[in-house]
Amino acid sequence: AVFKPENVEDFYEIGEVLGSGHFGQVRQVRERTSGNFWAGKFLKIRKVACSRLGLDRSSVEREVEILQAVQHPNIVALKDVFESRAEVVLILELVSGGELFDFIAEKETLLETEAIEFMKQILKGLKFIHCKNIAHFDLKPENIMLSDKVSKPPNIKLIDFGLAHLFHPGEEYKSTSGTPQYIAPEVINCQPLSTAADMCVLSFLRLSGLSPFQGDNDEETLGNVIAMKYEFNEHYFSLTSPMAKDFIQKLLMKNPEMTAEECLLHPWIKPITPKQIAKRNRSSINMKN
Ligand SMILES: Cc1ccnnc1
């Protein structure tokens, strides 16, 4: 893929750092012509294959290809790509509402109707990428953000497709990257991966804000994930409705029983009667972990 060879600073004023990760940095940028704000994801490209620093250009091409394929209200949009000597800059839609995780943590309690709204938007994003045979493979609280701090209900955006993968028919894909406490069992067991890996663990996190497998260290956490050792600690789940627990259990199985599409049809998620909504607004999810 050919990226724009112009200097990104001729078109964008580079602002503050918004986040950084395995890839490099994300900074707020301001488009000179329109004055609009975007997010610039600055990726270091390794010039020699054996270097450990920076990313392979091919992996950046893959992230760009995937982002161009998944245009959806719940997926961060890609606007432009610039390349200079050893750096590629993705110009992305600015997602400025912070992480869903922090939004939830700041609330005293999360009404089930709010949790359902979040889950619904995340599942719509996942259903969209999964039906294009794309898996995110690094789904974790940091990568689930709110588009802004004012929309009611908040608008969810899935970000960081740096580990995402487009499955070709009949292809077997294995990868060991990801984040220990949010990783799917099949990743750790080096089994063939699928989009189901995105489904694992997801809903549990949404409800209780904590990883069910959290160990004292990565090794222990990975061990817990493999053993599928988790418990519905009554203290955290005492107020959660049986339907919500049913939803979580169906997702936490070794082979999640539900795809994102099927999740959207689960009685806990699908549209319900006003009477049921009122009842749900009386039940809340314990957020203090
Ligand atoms: C961190 C980030 C990524 C993409 N867009 N806005 C913010």
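Counting convention: from 1, in listed order, for ligands and their atoms alike. These figures come from a predicted structure and were not determined experimentally.
Between K79 and E93 there is no salt bridge, since none of the side-chain N atoms of the basic residue sits less than 4.0 Å from a carboxylate O of the acidic one.
The shortest side-chain heavy-atom distance between E99 and I144 does not fall under the 4.5 Å cut-off.
Nearest-heavy-atom check against atom 4 (C) of ligand 1 across Q25, M145, K41, E93 picks out E93.
Remark: the backbone N or O of I156 is paired with a side-chain donor or acceptor of Q121 at under 3.5 angstrom.
Of all atoms in ligand 1, numbered sequentially from 1 with element shown, those under 4.0 Å from a heavy atom of V95 are 5 (N), 6 (N), 7 (C).
Side-chain atoms of E31 and S34 form a donor-acceptor pair, as typed in the model, at a separation below 3.5 Å.
In this structure, the protein non-hydrogen atom closest to atom 2 (C) of ligand 1 is V26 CG1, 3.8 Å.
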